Structure formats: C-alpha cells, structure tokens
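Computed from a predicted structure; not experimentally measured. Each chain gets a letter, A, B and so on, in the order the sequences are listed, and its residues count up from 1.
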Number of protein chains: 2
Amino acid sequence: MGINDRKQRHKEELKDIILKAAKELFLEKGYEATSMRSIAEKIEYSPATIYLHYKDKAEIFYALHLEGFKLLVNYFKVLASVADPFERLKAMGHVYINFANENPDFYNLMFVMSEPMEVFELDHAKEWNEGEDAFRFLHNTVIECMDKGYFKGMDAMGFSFMLWSTMHGLCTLRTSGHLDQVRQVKTQLPDINAVTAFTLQTFISMMERLK
Amino acid sequence: MGINDRKQRHKEELKDIILKAAKELFLEKGYEATSMRSIAEKIEYSPATIYLHYKDKAEIFYALHLEGFKLLVNYFKVLASVADPFERLKAMGHVYINFANENPDFYNLMFVMSEPMEVFELDHAKEWNEGEDAFRFLHNTVIECMDKGYFKGMDAMGFSFMLWSTMHGLCTLRTSGHLDQVRQVKTQLPDINAVTAFTLQTFISMMERLK
DNA sequence: TGCATTTACTAAACACTGTTCAGTAATCTT
DNA sequence: AAGATTACTGAACAGTGTTTAGTAAATGCA
C-alpha cells in the first residue's frame, strides 16, 4: 500500500473522528456547548487542525444535519410495508413526532436552524436532497391516499405541505418550550406528551373525516 | 420636583433608550448582530452601564418579545369586529402569517427561540401572559365556531392547538429557509409567498369541509 | 545519505461575545 | 467642606470561531 494511500486514509479517518466527536458532544450537551475548542479537546488535536478537514463549524453541523436525516428516513422506510396509505400517513405522523421528542437537538438541526440551510443559499446548484427525500415520502403517500379516493378535491402538494406544517409546528412549539407555557397545557392535561398526543389525535380525527 | 424624582426619571428614560436602541439594531440587523457592545455604542454609554438597567441580554430580548406580542395582539384585536367566528378564524390565519412574513425576527423571538421562554422556567410563578392572550383569542374563536355548530365532535382545545401548530409550522418552515429548498416549491409555484398562500388556502378548504 | 521540499500540525493571534469589577468623577447629604 | 452615594467606565475575565506564521516530521530526490 502506497504512502499516498496511507496518508489519504489517515486524512479520512481523522475527518470521521472529528465528526464523531462533534456528534457525541452535540448529543450529550446540545449545540451551544459543542464548540470548536471542545471538539478539539475531545480528539486531542488543536482547534486549527479541524479547519484542515472542515471549512468551518457550519460544515460540521451540516454533516450532522445529514446524519439526522439518514436516521429519520430509516424510520420512514420501515413504514413502506404499511399497505394502506392512510394508515401509513398516520404512522408517519407518529414516527415524526417520536423522532422530534427523542432527538430534539437533531430535530432542531434538521428542521429549525437556518444555518445548515445556508449552504444551499451559497451554492444554488446544491439541492436539499435529504429534505426532499423525506418530503417526497409524505407526498407520495398523500397521492396514494388520493388515488384511493381519500381527500377528494384537495390538491396533493398543498395538502402535503399542510400536513408537514402541522407536524412541524407541533414539534417545534414543544421543543422550544412555548407549548409548555400555555395555561391550558399546564392545567388540563397531565403533561406535554399528553398535549402532543391529544393534538395529534385531534388532527387525525380531522383526517378521518376528510377521507 | 425632587432630586429623587429627577434621578428616577433619568433612570427610566435611560432604560427606555437602551431598549429602543436594541430594538432598532434588532430590526435592522437581526438577533446575531445585536450585541451588548453594539447597543452600548448606539446609546454612547459603556456596555457595563446596560447591566445597571437590565439583568442580562436575555432580559432585554424578553422585553422585545413582549413588544412583539403587543404588536400581534393589536392586529388580532381589530378582528374582534368580525362577527362570524369562522370568518374571524380565517382572518386570524392571514394576520398571523402576514405578521410572521413582515416581522420574521420578532416572530422568531416570540415563537421560535427558547431563550425568552427561559424566564418562565427560572420563575415558575411567572406566567406567559402574552402568549396566553394570543392563544385565548384563538381558543375563544374556536369555541364560538363550535357554539354555531361548526366542527362538531371536535375537542376545542385539541383543535385550537392543531390550528396554532399548523400556522406556526407554516411560518417557521418558511422563515428558517427549509420550505424554500423543497424542489416542488422551487419549480411549481412562482415564489415562497405563493406556496404559503396556497398551503393556507388548502388548510382553509379543509376547515370549510369540517364546518 | 544529506539536503530541499512538502505536509500536518500547533501556539498564538485576531476579532468578537457576554458579563463583572475595582476605580473614579460627579452629585448629594450632613 | 468633607464624607457618602451614585452613575458610569476601562479593563479584565472567560469564552467563541477562525486564521497565520512557525515548526517538526515525513517525503522526495540527487
């Protein structure tokens, strides 16, 4: 094996080590506490070394944004086995909310923070394929529902965006802490999980009526 | 007028000047570019002076969070004159989205950022009255709709949270830049305003069916 | 094998952030 | 007039992301 191969391998391995360290810190302590110096300390290199492998901090977090989408899309893929599109839609709703509840930092990185999306504003040729994959799964399921006669007269795209907006809104109002602070949430349901579940159930009931 | 009155008045005036400077910078340049040093420079005092009037930066931004809610609730109040609750609900939807589109930084401060909400986590006796006011207006309008026989069988609270989630989701997917990057948004509708309007219209069509 | 070149990495610097503190000038009180 | 208080400041502290000049190690070549 050549010297060049070995050096190239070391370069790639170090890049992976940096990302793994960033991910561990990010999952343990969140975005704010994941600094370039803390990543460097964890991998026992200096902060300057990281810049040999990643353009800047945003590029590291964009790589984590991609990892988050791989995780979510894996959950969605399992649902492909659900034959009835409406049941699949419901299952997607549950999966999406569970994902946000169990991975709030990843969820923020994927769907809330505008920084990872800046890469697409700088490079207009680059496309948000990972977001597109997730949205397409939803959109295709909506089209299958409509092919079955559900949601007659509704536009598939508008409907898909509406579904995503509702799920996203429910997730972010919860993770940001706004939902918690509404008095009715504090007093009328046992906890925030119950509010989220109840609101989702109301939404599903609406969908049942529109079938 | 006593010396104490004059000094107290100066203290309050300086506090207002600080907030006004913060607001101007915030509206011109956004949250990231509104630093304690930039506020201090604008009012021609040192950064340390600000800490005589505000506990920390979060308290300044919480004051701006309150101003944002005053603005929104003023828009909502105008809708009280809309007699039919369903028409009022629709108008609220438009007002909410227009507010987010025209005041994205305020919107983020009010409904997205978790920092202003931390004041309620630290002081459990303190309540999010401003958010409660806005939500109550929505909730009351939903109850009036149900009193008129609309949305039969739906729970008012779940329905209200569902409405808020949908509007909030639509607003934040747009302001964060995620909606822009979906291929269908780029190719099938003229611009992001059209997507938002179209998705809202789809949602309203659903509500019409559920009446 | 020795020297020149290249590479990988670093310490330190830069420019910025939020916040605190010891010191000081001005104002107020006695 | 002197002492006390207040309002404010410069500088420090501890942190951030990023860059750069310098250096040791590795590599290539004559």
Starting at [atom1] of [X] and ending at [atom2] of [N], how long is that distance when rounded to a whole Å?
X       : N      : atom1 : atom2 : value
A:Tyr45 : C:dA8  : OH    : P     : 11 Å
A:Glu32 : D:dA14 : CD    : P     : 21 Å
B:His53 : D:dA7  : NE2   : C1'   : 8 Å
B:Lys11 : D:dT5  : NZ    : C1'   : 12 Å
A:Tyr51 : C:dA11 : OH    : P     : 16 Å
B:Ile50 : C:dT17 : CD1   : C1'   : 13 Å
B:Glu13 : D:dA7  : CD    : P     : 13 Å
A:Ile17 : C:dC9  : CD1   : P     : 10 Å

*Near DNA chain C, under 4.0 Å by heavy atom, which residues of residues 34-44 of chain B?*
B:Ser35, B:Met36, B:Arg37

*Inter-axis angle, terminal five-pair segments of the helix from C:dT1-D:dA30 to C:dT30-D:dA1 [nearest 10°]*: 30°

*Any chance NZ of B:Lys23 has more than 12 other-residue heavy atoms, nucleotides or ligands included, within less than 6.0 Å?*
no

*Verify the neighbour count for atom CD of A:Glu41: are there more than 12 heavy atoms of other residues, nucleotides or ligands below 6.0 Å?*
no

*Would you classify B:Ile60 as touching base, sugar-phosphate or nothing, given that sugar-phosphate means primed atoms plus P, OP1 and OP2, and contacts are heavy atoms under 4.0 Å?*
nothing

Which one, [options], comes nearest to the side chain of [X]?
X       : options               : result
B:Lys57 : C:dA8, C:dT19, D:dA7  : C:dT19
B:His10 : C:dT20, D:dA7, C:dC9  : D:dA7
B:Ser46 : C:dT19, D:dT16, D:dT9 : D:dT9
B:Ala48 : D:dG10, D:dC8, D:dT19 : D:dG10

*For B:Ala134 and B:Phe69, which heavy atoms make the closest approach, and how far apart are they?*
CB-CE2, 4.4 Å

*asked:* Closest-nucleotide mapping onto DNA chain C: is B:Ala33 or A:Leu52 further toward the 5' terminus? I mean the 5' end.
replied: A:Leu52

_Mutual orientation of the aromatic rings belonging to A:Phe111 and B:His178 [parallel < 30°, tilted 30-60°, perpendicular > 60°]_ = tilted

*Quick check: does any side chain N or O of B:Thr49 sit under 3.5 Å from a backbone N or O of B:Tyr45, one acting as donor and the other as acceptor?*
no

*State which residue, out of A:Phe106, A:Tyr31, A:Tyr54, fulfils the ring-ring contact (aromatic ring centres under 6.0 Å, His included) condition with A:Phe61.*
A:Tyr31

Answer yes if the side chains of [X] and [Y] hold a donor-acceptor pair under 3.5 Å, and no otherwise.
X        : Y        : value
B:Ser35  : B:Ser38  : yes
A:Tyr107 : A:His168 : yes
B:Asn193 : B:Arg174 : yes
A:His65  : A:Trp128 : yes

*Is the phosphate of C:dT10, meaning OP1 or OP2, less than 4.0 Å from a side-chain N or O of A:Thr49?*
yes

_Out of the candidates B:Gln8, B:Lys15, B:Arg9, B:His10, only one should pair with B:Glu12 under the side chain to side chain donor-acceptor pair (under 3.5 Å) rule; please name it._
B:Gln8

*Quick one: do A:Glu130 and A:Lys70 make a salt bridge, cutoff under 4.0 Å?*
no

_Summary of protein contacts for nucleotides 22-30 of chain D, nucleotide by nucleotide, where a base hit scores B, a sugar-phosphate-only hit scores S (4.0 Å, heavy atoms)_ = -----SS--

